[in-house]
Amino acid sequence: MDKTQDLALPQMRKSVENLGSSTQKYGDPTMMRFLIARSMDPEKAAKMFVQWQKWRSTFVPLGFIPDSEVPDELEAKKIYLQGLSKKGIPILLVKGSKHYSAKDEVQFKKFVVHILDKAIASSFRDREIGNEKLIAVLDLKGLSYRNVDVRGFITGFQFLQAYYPERLAKLYVFHMPRFFVTVWRMICRFLEKETLEKIVIVSDENERMYCIREIGEEVLPQEYGGRSKLVLLQDVAITPLNH
């Protein structure tokens, strides 16, 4: 831990207390995620942390979102959890061609939380450390105009940025169709610089090989150059995330 962190961490914890909340249950790795997300500004990080605590207590009162609360989204069978990369990071895979705009917006938001929580929890050893990340693969092969859900995309990224700071290690986008490029540019307007820097549009063999090396052939499905089979999210048993 460097000098900046040595100073920022206690300042942030004090600021959280001044805002009427507590950091007692959270270790330094958790607090650091919020500090990094707010450019090591203790006051801004404390505000973000308290907002996250309030959101978590109201939106996820059980500490996790059970399958029973997101049945329609699970039925689409569009999310896969492939195991851990070479560095122990969970691999989350999304099939864009199986997604359609949600009829139940609340259920969709719960599904976003369900996905992220389950992916992160899949990397726990004995307990949560607080700095666990995930790698996402977004496959847009076969995407049609019926699958384009700009609001859904923006909601997912906004949840990731506001409530899961520094959880995304990398996002690889495969098979982006030409018609979607304009849509993607519009979505990118809602993304923070730090998020954009973690996105790789896989458009050539070098980028594909880089993805394979980063993730590992053992967990990457065959259609992306790996040796694994697709594993549906709901088929993976995980101990619920406990905040």
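The figures here come from the full heavy-atom set of this structure, side chains too, leaving out hydrogens, waters and symmetry mates.
Scanning all heavy atoms of the two residues, the minimum distance from Ala162 to Met48 falls at O-CE, 3.6 Å. Nearest heavy atom pair, residue Ser21 against residue Val50, reads CB-CG2, 3.9 Å. Taking both residues in full, the closest heavy atoms of Ile135 and Ala169 are given as CG1-CB, 4.0 Å, listed atom of the first, atom of the second, then distance. Between Asn147 and Gly96, the closest heavy-atom pair is CB-O, 3.6 Å. The two residues Met12 and Leu35 have their closest heavy-atom pair at SD-CG, 3.6 Å. The two residues Gly152 and Asp149 make their nearest non-hydrogen contact at N-OD1, 3.0 Å.
Between the CG atom of Asp28 and the CD1 atom of Ile129 there is a distance of 12.5 Å, given to the nearest 0.5 Å. One distance of note links CG of Asp139 with NE2 of His175; it measures 5.5 Å at 0.5 Å rounding. Atoms NZ and CD, on Lys229 and Gln222 in that order, are 7.0 Å from each other to the nearest 0.5 Å. Atoms CZ and CG, on Arg167 and Leu134 in that order, are 8.5 Å from each other to the nearest 0.5 Å. Here the straight-line distance linking atom NZ of Lys95 with atom OH of Tyr80 works out to 6.0 Å at 0.5 Å rounding. Of the inter-residue distances, the one linking Tyr163 atom OH with Gln158 atom CD reads 9.0 Å to the nearest 0.5 angstrom.
Under the ring pair (Phe, Tyr, Trp, His ring centres under 6.0 Å) criterion, the residue pairs touching residues 84-105 are His99-Phe108, with sequence neighbours excluded. Applying the ring pair (Phe, Tyr, Trp, His ring centres under 6.0 Å) test to residues at least two apart or on different chains, the pairs with a partner in residues 193-229 are Phe174-Tyr224. Within the structure, the salt bridge (Lys or Arg N to Asp or Glu O under 4.0 Å) test picks out the following pairs touching residues 98-109 (sequence neighbours left out): Glu105-Lys109, Glu105-Arg151.
Using a 4.0 Å cut-off between charged nitrogen and carboxylate oxygen, Lys78 and Glu73 count as a salt-bridge pair. Look at Lys198 and Glu166 and you find a salt bridge, because one of the NZ, NE, NH1 or NH2 atoms lies within 4.0 Å of a carboxylate O, short of that distance. Using a 4.0 Å cut-off between charged side-chain N and carboxylate O, Glu214 and Lys170 make no salt bridge.
Using a 4.5 Å heavy-atom cutoff, the side chains of Val150 and Val148 are in contact. Side chains of Asp72 and Gln107 form a contact here, defined as non-hydrogen atoms less than 4.5 Å apart. Residues Val231 and Leu81 fail the side-chain proximity criterion, which asks for heavy atoms closer than 4.5 Å. Looking at Phe34 and Arg38, their side chains never come closer than 4.5 Å, going by heavy atoms from C-beta outward.
None of Tyr164, Tyr26, Phe159, Phe59 except one satisfies the ring-ring contact (aromatic ring centres under 6.0 Å, His included) rule with Trp52; the exception is Tyr26. In summary, of the residues considered (Ile79, Leu74, Ile65, Ile120), a side chain to side chain contact (heavy atoms under 4.5 Å, CB included) with Ile115 occurs for Ile79 alone.
Arg56 places a side-chain N or O within 3.5 Å of a backbone atom of Gly63 that can act as its donor or acceptor partner. In this structure, Gln82 contributes its side chain and Val219 its backbone to a donor-acceptor pair below 3.5 Å. A distance-only check finds a donor-acceptor pair linking the side chain of Glu207 to the backbone of Ser203 [under 3.5 Å]. A donor-acceptor pair under 3.5 Å links the side-chain atoms of Arg33 to the main chain of Gly130, judged by distance alone.
In summary, the side chains of Glu132 and Ser123 do not present any donor paired with an acceptor at a separation below 3.5 Å, with no hydrogens or angles considered. Side-chain polar atoms of Gln11 and Ser15 form no donor-acceptor pair below 3.5 angstrom.
Following chains of ILVMFWY side-chain contacts shorter than 4.5 Å, one cannot reach Leu196 starting from Val137, and the two form parts of different hydrophobic clusters. Note: the hydrophobic cluster containing Met209 does not contain Met176 (ILVMFWY, side chain heavy atoms under 4.5 Å, direct or indirect links). Hydrophobic cluster membership differs between Leu116 and Val106, with clusters built from Ile, Leu, Val, Met, Phe, Trp and Tyr side chains linked at under 4.5 angstrom. Grouping the Ile, Leu, Val, Met, Phe, Trp and Tyr side chains by contacts below 4.5 angstrom, directly or via other members, places Ile199 apart from Ile215. Linking Ile, Leu, Val, Met, Phe, Trp and Tyr residues whenever their side-chain heavy atoms come within less than 4.5 Å places Leu233 and Leu168 in a single cluster.
Qualifying salt bridge (charged side-chain N to carboxylate O under 4.0 Å, His left out) partners for Glu205, counting only residues two or more places apart in sequence or in other chains: Arg208.
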Salt bridge (Lys or Arg N to Asp or Glu O under 4.0 Å) evaluation trace for Lys110 with Asp117: CA-CA 10 Å; Lys110 287 185 176 183; Asp117 279 2; over 6 Å; no
Stepwise side-chain contact (heavy atoms from CB on, under 4.5 Å) check, Ser97 with Leu140: CA-CA 6 Å; Ser97 62; Leu140 300 180; over 6 Å; no
Derivation and outcome, side chain to side chain donor-acceptor pair (under 3.5 Å), residues Asp67 and Gln234: CA-CA 8 Å; Asp67 289 9; Gln234 52 265 50; over 6 Å; no
Criterion side-chain contact (heavy atoms from CB on, under 4.5 Å) on Val200 and Val173, from CA distance to verdict: CA-CA 6 Å; Val200 177; Val173 183; over 6 Å; no
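Atom CD of Gln24 has 12 or fewer heavy atoms from other residues, nucleotides or ligands within 6.0 Å.
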Pair up each side-chain donor or acceptor in residues 177-195 with any protein partner under 3.5 Å, not counting sequence neighbours, and list the distances.
residue : atom : partner : partner atom : Å
Thr195  : OG1  : Gln161  : OE1          : 2.9

I'd like a table of donor-acceptor pairs (distance under 3.5 Å, sequence neighbours excluded) in which one partner is a side-chain atom from residues 83-94, with atom names and distances.
residue : atom : partner : partner atom : Å
Ser85   : OG   : Lys87   : N            : 3.2
Ser85   : OG   : Ile89   : N            : 3.2
Lys86   : NZ   : Arg213  : O            : 3.4

